Amino acid sequence: MAILELHDVKKNFGDKQVLKGLTFEVPEGSIFGFVGENSAGKTTTMKMILGLETIDSGQILIDGKRVHYGNSLINRMVGYLPDVPKYYGYMTPKEYLTLCGQLTGISKNDLSDRIEKMLKIVDLPINKHRIHGFSRGMKQRLGIAQALLNHPKLLICDEPTSALDPIGRSEFLNLLTSLKGETTIVFSTHILTDVERISDYVGILHDGVLKANDSLDNLKTQYAKSQIIFEFISEDTAEKAAQILGKNSHNNQKQVILNYTGDYQIIAETVLNTLLQSHLIPISMNRQKTNLEDIFMEVTA
Ligand SMILES: Nc1ncnc2c1ncn2[C@@H]1O[C@H](COP(=O)(O)OP(=O)(O)OP(=O)(O)O)[C@@H](O)[C@H]1O
């Protein structure tokens with residue numbers, strides 16, 4: 001079942017049409033990576049999901065309930081982590097989360113247990129250290145604890161790893177992955193390898209619409225490059241193979257790259273038979289892999 005649905009959502013700022021009819025669904029329990037170039041409209045979309053931005057036309061539903069601008073009832077189902085969360089630095093994490101819990105109406109009895117559980121999940125110690133001494137990674141983890149305090153069905157993270165170094169980023173992505181089962185996650189980013197690493201589904205926003213929206217595996221199959229790379233024992237063998245395969249030149253050194261159209265299985269069998277008949281045995285043969293960056297470039301070209 002979809003926890004989040006957008007139906008033909010449109011948004012203008014003045015004359016500029018930012019979203020031209022955005023439609024997609026996010027299945028419950030999944031991690032959805034939301035990508036698009038600068039100014040594509042990712043933050044605007046997230047703010048509309050959070051009820052912090054008006055929708056010109058179309059509908060957004062969370063758990064089947066329609067989002068309206070400023071509707072705090074729906075907001076309670078959603079946790080939000082901005083790219084650089086702001087804190088009262090003089091507070092300890094426990095004091096800060098207590099304040100957040102009180103503001104959102106969590107009962108005093110439940111709050112203490114919930115805070116301890118959340119700090120454990122995000123791997124922050126319960127001690128007297130104040131937030132102003134925290135690294136960016138620690139602040140981001142505290143942001144997750146805050147966003148999850150109220151048991152949200154949906155967690156929205158806007159470029160959550162952009163300010164983190166590679167180690168902080170890796171730890172943070174592990175944390176997001178570990179939240180599977182706890183909530184559904186929608187996160188935006190420019191770091192496509194992050195999306196590849198943790199997302200179940202990917203949406204690519206371009207020119208005001210979602211140009212691609214599927215599981216990463218399906219996108220890779222759909223946008224797979226039709227290329228096979230053969231490697232031979234010597235340059236000489238590679239040169240001979242290139243000639244037999246009807247290619248005038250081979251790739252530098254010992255590789256031959258074959259572009260093909262049609263079914264991989266049939267092409268691969270034919271080419272291998274041709275090479276075998278000439279006693280040209282490749283030492284490796286690889287179907288060219290497609291990564292999210294290739295897909296992104298093709299979709300947004
Ligand atoms: N309140 C606003 N008033 C006018 N224009 C706005 C407003 N908010 C956003 N925009 C414009 O809408 C477009 C989309 O902005 P948005 O911040 O949603 O993009 P984004 O995909 O999140 O970009 P980035 O990756 O750079 O953060 C941009 O051209 C931006 O200037």
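What you see is a predicted model, and the numbers here were worked out from it, not measured in a lab. In listed order, ligands and their atoms are each counted from 1.
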A.B. asks: Quick one: side chains of residues 164-171, donor-acceptor pairs under 3.5 Å with protein atoms, not counting sequence neighbours, listed by atom name and distance.
C.D. replies:
residue	atom	partner	partner atom	Å
D165	OD1	I167	N	3.1
D165	OD1	G168	N	2.7
R169	NE	D194	OD1	3.3
R169	NE	D194	OD2	3.3
R169	NH2	D194	OD1	3.1
S170	OG	R197	NH1	3.2
S170	OG	R197	NH2	3.4

A.B. asks: Is any side-chain N of the basic residue among D207 and K20 closer than 4.0 Å to the acidic one's carboxylate O?
C.D. replies: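 Answer for the salt bridge query: yes.
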A.B. asks: Which atoms form the tightest heavy-atom contact between Q146 and Y80, and what is the distance?
C.D. replies: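 Heavy atoms of Q146 and Y80 come nearest at OE1-O, 4.1 Å.
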A.B. asks: So if I only count non-hydrogen atoms and take anything under 4.0 Å from ligand 1, which residues does that give, chain by chain?
C.D. replies: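 Around ligand 1, where the cutoff is 4.0 Å for heavy atoms, the contacting residues are F13, K16, V18, E37, N38, S39, A40, G41, K42, T43, T44, E159, H190.
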A.B. asks: What class does the angle between the rings of F24 and F34 fall in, given that below 30° is parallel, 30 to 60° is tilted and above 60° is perpendicular?
C.D. replies: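 Judged by the thresholds at 30° and 60°, the geometry between F24 and F34 is tilted.
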A.B. asks: Stepwise, does the salt bridge (Lys or Arg N to Asp or Glu O under 4.0 Å) test hold for K254 with E239?
C.D. replies: CA-CA 8 Å; K254 300 168 187 169; E239 179 71 50; over 6 Å; no
A.B. asks: Judged by modelled atom types alone, do D83 and S162 share a side-chain donor-acceptor pair under 3.5 Å?
C.D. replies: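 Checked: D83/S162 side chains show no N/O donor-acceptor pair below 3.5 Å.
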